[in-house]
Structures are given as structure tokens and as C-alpha cells.
Amino acid sequence: MSNKAVCRRIGAASFLLGMSLAVAAWCSAMLLLLQYGIVGGHFAREWLDYAFWVFGIPVGVAFYRFTPRRLQDLNCPGKWSRYLIIPFIGIIVLPVLCFMSGERLSNDFGDPPEPSGWLKRGAALVSFVLALLLFRAVMVCYQQVSL
């Protein structure tokens, strides 16, 4: 089986939607843990740092599942996603992956994905804003618990 048959390209809206939902799910889990687990007295404060990592694993899995396919939509090798773990590179490249449109024709990695409709693009933007708001709430709650 060729590499083209295994990896399917995904567009910007699909990438943004998938990653935003993963981050929103992580934030929701962390808010529940912070509000009802730590503040509620069900978990020790020392457990919180481990929970950030444990609940972050599914986000990492989503990231490494979607990012190579998104890079391929931009006609870049999917293995470049390994370099996005470097913070300076990731901060610059991730917004490009979320909002830059890929080629509408076939490229080195196969046929283009189906164009995203307005509903998918709208859902991606709404989930992106939701993820940002939830992340802010997690950081505020984490600072209050840490004091």
C-alpha cells in the first residue's frame, strides 16, 4: 500500500474543529477536576499536576493524528509535525495550520479534501472561541487553587 492511500489530507476547518474540540474537552475535564475535585476536597492538590498530563494525553494523540494530515494538505511532509513540539516553531506554525487554505488540486499526498461548507467552518470558529475561553477559565481557576 502506498503512503498516499494511507494518509488522507484534511482541510483547515477540519483541523481547527478537531483540535478545538480536543482542547475544549481537556479544559472541561480540568475545570471539573479543579472545581469539584480539588476545591471540593475529593482530591489532594498534589495530584493536580499529574492530572494535567494525564488528561493532556488525548489532546496529544489528536494533535499527532491530525497534524501530519493537515501538513500534507499544504504539500509538506507529515513528519514535520515532530518539529512543532518546539514551542517557538509551534507558536508560529499552528495558526497557519488552522487558517491557511490547502491546494484545491491533487498534490504529492493525494486528492484534496472535500471543501468545508459554511456550517463546518462556523462550527470550527465557534469551537475555537469556546476552547480559548475554556482555556482562560482553566488558567484562572488553576492560579486560584495554586495560591
Query - Neighbour count >12 (heavy atoms, 6.0 Å) for atom CG, Leu133 - result: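 Yes.
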What are the two closest heavy atoms between [X] and [Y], and how far apart are they?
| X | Y | result |
| --- | --- | --- |
| Gln35 | Cys141 | NE2-SG, 2.9 Å |
| Leu130 | Ala24 | CD2-CB, 4.4 Å |
| Val23 | Ala131 | CG1-CB, 4.0 Å |
| Phe55 | Pro58 | O-CD, 3.2 Å |
| Ala124 | Ser20 | O-OG, 4.3 Å |

In this structure, would [X] and [Y] fall into the same cluster of hydrophobic residues linked by side-chain contacts under 4.5 Å?
| X | Y | answer |
| --- | --- | --- |
| Tyr83 | Met19 | yes |
| Phe99 | Leu132 | yes |
| Ile86 | Leu97 | yes |
| Tyr50 | Ile57 | no |
| Leu33 | Leu134 | yes |

Heavy-atom side-chain contact between [X] and [Y] under 4.5 Å:
| X | Y | answer |
| --- | --- | --- |
| Phe63 | Leu84 | yes |
| Cys98 | Phe15 | yes |
| Leu125 | Leu17 | no |

**Report entry** Straight-line distance of Trp80 CH2 to Leu74 CG, nearest 0.5 Å
**Finding:**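 The CG atom of Leu74 is 10.0 Å from CH2 of Trp80, to the nearest 0.5 Å.
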Query raised in the report: To the nearest 0.5 Å, what is the distance between CG (Leu34) and CD (Gln143)?
Result: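 So the gap between those two atoms works out to 11.5 Å.
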**Report entry** Worked verdict on Leu71 versus Phe109 for side chain to side chain contact (heavy atoms under 4.5 Å, CB included)
**Finding:** CA-CA 10 Å; Leu71 284 168; Phe109 299 99; over 6 Å; no
Main-chain N/O of [Y] paired to [X] side chain as donor or acceptor, under 3.5 Å:
| X | Y | result |
| --- | --- | --- |
| Arg9 | Arg69 | no |
| Asp73 | Ala12 | no |
| Ser81 | Gly78 | yes |
| Thr67 | Tyr64 | no |
| Ser14 | Ile10 | no |
| Asn75 | Asp108 | yes |

Query raised in the report: Taking the six-membered ring for Trp, is the centroid-to-centroid distance between Phe135 and Tyr142 below 6.0 Å?
Result: no
Requested in this report: Show the numbers, then the answer: is there a side chain to side chain contact (heavy atoms under 4.5 Å, CB included) between Val138 and Phe52?
Outcome: CA-CA 11 Å; Val138 168; Phe52 267 88; 4.2 Å; yes
